[in-house]
Amino acid sequence: MTDRPLLLLVDDDVTLLRVTSSILEVEGFDTILSDTAARAIEFLQHLPVAAVIVDIFMPDQDGMETIGQIRSLWPDLPIIAMSGGWRTISPETILETAQALGAQAALSKPFDRPTLLAVVRGVLPPT
């Protein structure tokens, strides 16, 4: 067993998942990747996840719905919402809505390494 926090990354963009995972792994986190909300919920039922980073727009289930589902089943689990926006809705508006539904923090895509790390570290309890 490792002392590295396990982060669940949820996005239908597999390339983004891999890049984000690589950044986090180098910085001392373990990651598990899910390209669907359903698989993410399954992982949460069986793994000691420290935080979830979830995309808002996914084909199988809306990220807002996923955040609500996670919040109802795991009320204390830190959730980070991420979005690149969609059509005429600004990423900021989308992310504010996600936070109202229970996400502790938000990332606007594209994000850089320092921003990702600051947001992830900001939702995790101090070690």
Side-chain angles (χ1 to χ4, degrees):
M1 190 74 176
T2 177
D3 288 338
R4 294 164 51 107
L6 179 62
L7 305 176
L8 173 59
L9 312 180
V10 188
D11 197 315
D12 58 305
D13 182 341
V14 176
T15 301
L16 178 82
L17 285 176
R18 289 181 181 145
V19 170
T20 305
S21 175
S22 294
I23 293 168
L24 292 167
E25 295 265 342
V26 166
E27 295 293 334
F29 299 95
D30 287 331
T31 60
I32 187 152
L33 311 180
S34 177
D35 61 354
T36 69
R39 187 173 295 127
I41 298 300
E42 195 174 311
F43 284 141
L44 286 170
Q45 292 171 342
H46 302 287
L47 296 170
V49 173
V52 179
I53 302 174
V54 61
D55 187 31
I56 297 301
F57 296 107
M58 295 185 297
D60 73 314
Q61 178 173 296
D62 181 274
M64 300 292 188
E65 185 179 346
T66 304
I67 290 168
Q69 188 176 6
I70 292 169
R71 184 57 56 234
S72 70
L73 296 169
W74 297 275
D76 299 323
L77 182 64
I79 301 170
I80 300 167
M82 64 179 166
S83 178
W86 185 69
R87 296 185 188 151
T88 60
I89 305 170
S90 76
E92 293 76 23
T93 300
I94 295 164
L95 296 173
E96 287 171 8
T97 303
Q99 287 180 301
L101 292 172
Q104 279 77 17
L107 284 166
S108 183
K109 293 189 232 175
F111 47 82
D112 59 19
R113 175 189 292 268
T115 301
L116 171 64
L117 295 173
V119 170
V120 168
R121 290 179 177 137
V123 301
L124 294 175
T127 55

For the side chain of [X] and the backbone of [Y], is there at least one donor-acceptor N/O pair under 3.5 Å apart?
{"X": "Arg39", "Y": "Val10", "value": "no"}
{"X": "Asp12", "Y": "Asp35", "value": "no"}
{"X": "Thr115", "Y": "Phe111", "value": "no"}
{"X": "Arg71", "Y": "Trp74", "value": "yes"}
{"X": "Ser72", "Y": "Gln69", "value": "yes"}
{"X": "Gln104", "Y": "Ile79", "value": "yes"}
{"X": "Glu25", "Y": "Thr31", "value": "yes"}

Val54/Ile80 under side chain to side chain contact (heavy atoms under 4.5 Å, CB included): CA gap, chis, key distance, verdict: CA-CA 6 Å; Val54 61; Ile80 300 167; over 6 Å; no
Taking atom [atom1] of [X] and atom [atom2] of [Y], what is their separation to the nearest 0.5 Å?
{"X": "Phe43", "Y": "Leu8", "atom1": "CZ", "atom2": "CG", "result": "7.5 Å"}
{"X": "Leu47", "Y": "Leu6", "atom1": "CG", "atom2": "CG", "result": "6.0 Å"}
{"X": "Met64", "Y": "Ser83", "atom1": "CE", "atom2": "OG", "result": "7.5 Å"}
{"X": "Ile32", "Y": "Leu9", "atom1": "CD1", "atom2": "CG", "result": "9.5 Å"}
{"X": "Ser22", "Y": "Glu27", "atom1": "OG", "atom2": "CD", "result": "11.5 Å"}
{"X": "Phe29", "Y": "Leu124", "atom1": "CZ", "atom2": "CG", "result": "5.5 Å"}

Restricting to non-hydrogen atoms, name the atom on [X] and the atom on [Y] that form the minimum distance, rounded to 0.1 Å.
{"X": "Ala38", "Y": "Asp60", "result": "N-OD2, 3.4 Å"}
{"X": "Pro78", "Y": "Ala50", "result": "CD-O, 3.2 Å"}
{"X": "Ser21", "Y": "Leu33", "result": "CB-CD2, 3.7 Å"}
{"X": "Val52", "Y": "Val49", "result": "CG2-CG1, 4.1 Å"}
{"X": "Ala51", "Y": "Val123", "result": "CB-CG2, 4.3 Å"}
{"X": "Ile56", "Y": "Ala81", "result": "CD1-CB, 3.8 Å"}

Charged N-O contact under 4.0 Å between Lys109 and Asp55: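 Counted as a salt bridge, because a side-chain N and a carboxylate O are separated by less than 4.0 Å.
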Test item: side-chain donor near acceptor, Thr36 and Gln61, under 3.5 Å: no
Run the numbers on Leu24 and Val120 for side chain to side chain contact (heavy atoms under 4.5 Å, CB included), then give the verdict. CA-CA 9 Å; Leu24 292 167; Val120 168; 4.1 Å; yes
Please lay out, stage by stage, how Met82 and Thr20 fare under the test side chain to side chain contact (heavy atoms under 4.5 Å, CB included). CA-CA 12 Å; Met82 64 179 166; Thr20 305; 5.8 Å; no
As a quick check of understanding, evaluate side chain to side chain contact (heavy atoms under 4.5 Å, CB included) for Leu116 and Leu107, giving each step before the final call. CA-CA 7 Å; Leu116 171 64; Leu107 284 166; 3.8 Å; yes
